[in-house]
Amino acid sequence: MIYWKLFLSFLITNLLGYGGGPATIPLIQNDVVMQKHWLTQQEFHEAFAMGNALPGPIATKMAGYIGYKIGGIFGSFVAVFATVIPSLLLMILLIGLLYKNRDSVRVKRMTAYVKPTIVVLLGILTYQSFSDSIKDIGALQVIFIATCTFFLMEKFKIHPAFVVFGALIYGAINL
C-alpha cells in the first residue's frame with residue numbers, strides 16, 4: 001500500500017508541476033511534509049540542500065531520497081518512476097504538436113505566465129527554509145553561514161556542493 005501512496009504522491013505532484021523541478025519542489029514539500037508527514041521540515045530542507053548540490057534534476061533526486069526513506073530501494077524506484085513518467089509520456093505523445101506550434105504566440109504567452117508562478121513558489125520555499133533555520137539555530141548562525149556561503153561561492157568560486165558539505169560539517173560540529 002505504501003508503494004501505491006508513493007506512486008500517486010509523486011505522479012500527481014509531477015503532473016501538476018509545470019516547469020520541471022523548481023515548480024514541483026513546493027508541491028512535493030506540501031505533500032510529503034504537510035499532508036503525509038513522511039518527512040519533517042528540517043529533513044526536507046536538508047534533502048533539498050543536498051539534492052541541489054548534486055548534478056541532475058532535483059525532482060528525481062528528491063523522489064529517490066523520499067522513496068528510499070519511506071519504502072526502501074523499491075520505494076525509491078517507485079517514486080523516481082512516478083516522477084519521470086508524466087514528462088516521458090507527454091514528450092512521446094505531444095512532441096510533434098509542440099514542435100509544430102513552437103512559434104505560436106499562445107504557447108509563448110502561456111510560458112510567460114507560468115514563470116512568475118514558479119518564482120513565487122520558490123520564494124515561498126526560500127522564506128520557509130530561512131525562517132525555519134532562524135528558529136532552529138538562531139539568527140547569528142544563519143547570518144554567519146549565509147556570509148560564508150556568499151564569500152566562498154562568489155569571491156573564491158568554490159563549487160556549491162563543497163559549500164553544502166562544509167555547512168553540513170559545521171552543523172554536525174555545532175550540535
Query raised in the report: To the nearest 0.5 Å, how far apart are CG in Leu27 and CG in Leu125?
Result: 10.5 Å
Report summary line: Residue pairs meeting ring-ring contact (aromatic ring centres under 6.0 Å, His included), one or both in residues 106-146, sequence neighbours left out, come to Phe144-Tyr170
Query raised in the report: At what distance, to the nearest 0.5 angstrom, does CZ of Phe48 lie from OH of Tyr65?
Result: 14.5 Å
Requested in this report: To the nearest 0.5 angstrom, please state how far the CG atom of Leu168 sits from the CD atom of Glu46.
Outcome: 7.0 Å
Query - Side chain Lys69, main chain Leu39, donor-acceptor under 3.5 Å - result: no
Query raised in the report: Should Val164 and Asn52 be marked as a side chain to side chain contact (heavy atoms under 4.5 Å, CB included) after you check the CA-CA gap, both sets of side-chain angles, and the distance that decides it?
Result: CA-CA 9 Å; Val164 169; Asn52 266 331; over 6 Å; no
Requested in this report: Go through Asn174 and Ile137 one step at a time and tell me if the side chain to side chain contact (heavy atoms under 4.5 Å, CB included) criterion holds.
Outcome: CA-CA 10 Å; Asn174 286 321; Ile137 63 173; over 6 Å; no
Query raised in the report: Has the side chain of Glu43 got a donor or acceptor atom that lies under 3.5 Å from a matching backbone atom of Thr40?
Result: yes
Report all side-chain donor-acceptor pairs from residues 88-97 shorter than 3.5 Å, counting only partners two or more places apart or in another chain.
none

Requested in this report: Mind checking the CZ-CD1 spacing from Phe162 to Ile169? Nearest 0.5 Å is all I need.
Outcome: 11.0 Å
Query raised in the report: How far does CG of Leu6 sit from OG of Ser76, to the nearest 0.5 angstrom?
Result: 9.5 Å
Query raised in the report: When rounded to the nearest 0.5 angstrom, what is the spacing between CD1 in Ile118 and OG1 in Thr24?
Result: 9.5 Å
Query - Short side-chain to backbone donor-acceptor contact, Thr13 and Phe10, under 3.5 Å - result: yes
Report summary line: Those residues at least two apart in sequence (or on a different chain) that pass side chain to side chain donor-acceptor pair (under 3.5 Å) with Lys36 are Asp31
Requested in this report: Would you confirm whether Tyr3, through its side chain, and Gly71, through its main-chain N or O, come within 3.5 Å as a donor-acceptor pair?
Outcome: yes
